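These numbers come from a predicted model, not from an experiment. Chain letters run A, B, ... following the sequence lines, proteins first and then strands; every chain starts at 1.
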Number of protein chains: 2
Amino acid sequence: MSIPRNTKAKQAVLHEISSSDFALSQPEIFERVKGACDRVTVYRVLDRLVMENKIHKIVNVDGTINYARCTSCDESHTHAHDHLHFSCITCKKIECLEEQLIHVKLPDTYQIKELFLTISGTCPSCQAT
Amino acid sequence: MSIPRNTKAKQAVLHEISSSDFALSQPEIFERVKGACDRVTVYRVLDRLVMENKIHKIVNVDGTINYARCTSCDESHTHAHDHLHFSCITCKKIECLEEQLIHVKLPDTYQIKELFLTISGTCPSCQAT
DNA sequence: TGCAAAACGCAACAATGTTGCATTAAATGA
DNA sequence: TCATTTAATGCAACATTGTTGCGTTTTGCA
């Protein structure tokens, strides 16, 4: 396995993801690091960051892919994909609700590898009161 | 609202989705109705069928979009997106497990509109015994 | 400071989805 | 059965998102 390097592009991408309070898509990330690196580099950096467990990949209800910082889990262990993602239909932001773990009981004939729950609706800050 | 028509393309697309025992993607559907209509028509027919509640749209764990027949729900009511999708990592098929309803309790500040759970793993027919 | 290879930029390509517009064909009523 | 209305189609062109190959640059380490 190769030794990861801490490059400018990687720092820029990770910084944008870290400083955002919701999950970002590749185009959004590229937009925010504008000029720091090439479009292709963003893709490659994202892949690497996912492999290094620094960020994780979230698929939204519409199929768009977003990336967010792993907050509750440290980098040393494989990310546990058993928590919930909330996708706001108003502001389009995606939050991880990591304290809400999911337990589903399926027939023994199904072997579960990964659990993937996204709930769409209206988040607290978008509630029209 | 416009009156939907029962066209050849629509029949062909619906037939392929109906006769498949797992969810199909747009490319798969286009491949199967080959010659019956244009690629663009498949997209438009799929959108219409979703709006008419004849089929439903499933996003896989990798972000690919698949379409399946609504079996348990009739066409007259809005589809309830509160059941579970099982995505097999071996045969790539997606099944709806409609009997497994999901109930998630979130803080009242979150308004849930749609629940979207996909579990990936190995389905019964792909189990190496 | 020099070296190996990790990472990058660029160009080209591929897959997937969208839009506009002229043409075709379903459903309905005469 | 035929004419009419407009839903639906086909085609071309475009947009977005993601991938691959390859020569060049840069990082981390000795």
Legend entry - Spacing of Asn6(A) atom CG and Gln11(A) atom CD [to the nearest 0.5 Å]: 4.5 Å
Inset, instruction - Please name all residues satisfying side chain to side chain contact (heavy atoms under 4.5 Å, CB included) with Asp38(B), sequence neighbours left out, ordered by chain then number. - result: Val40(B), Thr41(B)
Legend entry - For Ser18(A), side-chain hydrogen bond (donor to acceptor under 3.5 Å, both in side chains) partners two or more places apart: Arg69(A)
Legend entry - Separation of atom CD in Glu52(A) from atom P in dA7(C), rounded to whole Å: 7 Å
What's touching nucleotides 13-20 of chain D from the protein side, N or O pairs under 3.5 Å?
unit_1  : atom_1 : unit_2   : atom_2 : d
dG18(D) : OP2    : Tyr43(A) : OH     : 3.2
dG18(D) : N7     : Arg39(A) : NH1    : 2.9
dG18(D) : O6     : Arg39(A) : NH2    : 2.9

Legend entry - Steps toward side chain to side chain contact (heavy atoms under 4.5 Å, CB included) verdict (Leu84(B), Leu106(A)): CA-CA 10 Å; Leu84(B) 190 158; Leu106(A) 284 189; 4.1 Å; yes
Pairwise N/O distances under 3.5 Å, protein to nucleotides 2-4 of chain D:
none

Filtered N/O pairs between nucleotides 26-29 of chain D and protein, under 3.5 Å:
unit_1  : atom_1 : unit_2  : atom_2 : d
dT27(D) : O2     : Arg5(A) : NE     : 3.4
dT27(D) : O2     : Arg5(A) : NH1    : 2.7
dT27(D) : O2     : Arg5(A) : NH2    : 3.0
dG28(D) : OP1    : Asn6(A) : N      : 3.1

Give each protein N/O atom lying under 3.5 Å from an N/O atom of nucleotides 23-25 of chain D, with the pair distance.
none

Legend entry - Residue pairs fulfilling salt bridge (Lys or Arg N to Asp or Glu O under 4.0 Å) with at least one residue in residues 6-21 of chain B, sequence neighbours excluded: Lys10(B)-Glu52(B)
Legend entry - Asp108(A) CG: over 12 foreign heavy atoms closer than 6.0 Å: no
Legend entry - Atom pair CD1 (Ile112(A)) and OG1 (Thr122(B)), whose distance is rounded to the nearest 0.5 Å: 10.5 Å
Legend entry - Rounded interatomic separation in angstrom, taking CG from Asp38(A) and C1' from dA7(C): 12 Å
Inset, instruction - Respond yes when some side-chain nitrogen or oxygen of Thr41(B) is under 4.0 Å from OP1 or OP2 of dG10(D), and no when none is. - result: yes
Inset, instruction - Kindly compute the distance separating NE2 (His15(A)) from OG (Ser20(A)), expressed to the nearest 0.5 Å. - result: 11.0 Å
Legend entry - Five-pair end axes of the helix from dT1(C)-dA30(D) to dA30(C)-dT1(D), angle between them (10°): 30°
Inset, instruction - Can you see which heavy atom on Tyr110(B) is nearest to which on Pro124(A), and at what distance? - result: CE2-CD, 3.4 Å
Inset, instruction - Mind checking side chain to side chain contact (heavy atoms under 4.5 Å, CB included) for Asp62(B) and listing every partner two or more places apart, or none if nothing turns up? - result: Asn60(B), Thr64(B)
Inset, instruction - Please report, rounded to the nearest Å, how far the P atom of dA15(C) is from the CZ atom of Phe30(B). - result: 13 Å
Legend entry - Reported OG-to-CG distance for the pair Ser19(A) and Leu14(A), which is rounded to 0.5 angstrom: 9.5 Å
Mind listing the side-chain donor-acceptor pairs of residues 22-36 of chain A below 3.5 Å, one per line with the distance, residues two or more places apart or on another chain?
unit_1   : atom_1 : unit_2   : atom_2 : d
Ser25(A) : OG     : Glu28(A) : N      : 3.4
Ser25(A) : OG     : Glu28(A) : OE1    : 3.3
Gln26(A) : OE1    : Tyr43(A) : OH     : 3.3
Glu28(A) : OE1    : Ser25(A) : N      : 2.8

Inset, instruction - Report the hydrophobic cluster partners of Ile58(B), with the cluster defined as I, L, V, M, F, W, Y residues connected by side-chain heavy atoms closer than 4.5 angstrom, directly or transitively. - result: Ile94(B)
Legend entry - NE2 on His56(B) to CD1 on Ile17(B), rounded to 0.5 Å: 10.5 Å
Inset, instruction - Only counting residues at least two apart or in another chain, list the ones meeting side chain to side chain contact (heavy atoms under 4.5 Å, CB included) with Ile65(B). - result: Lys57(B), Val59(B), Tyr67(B)
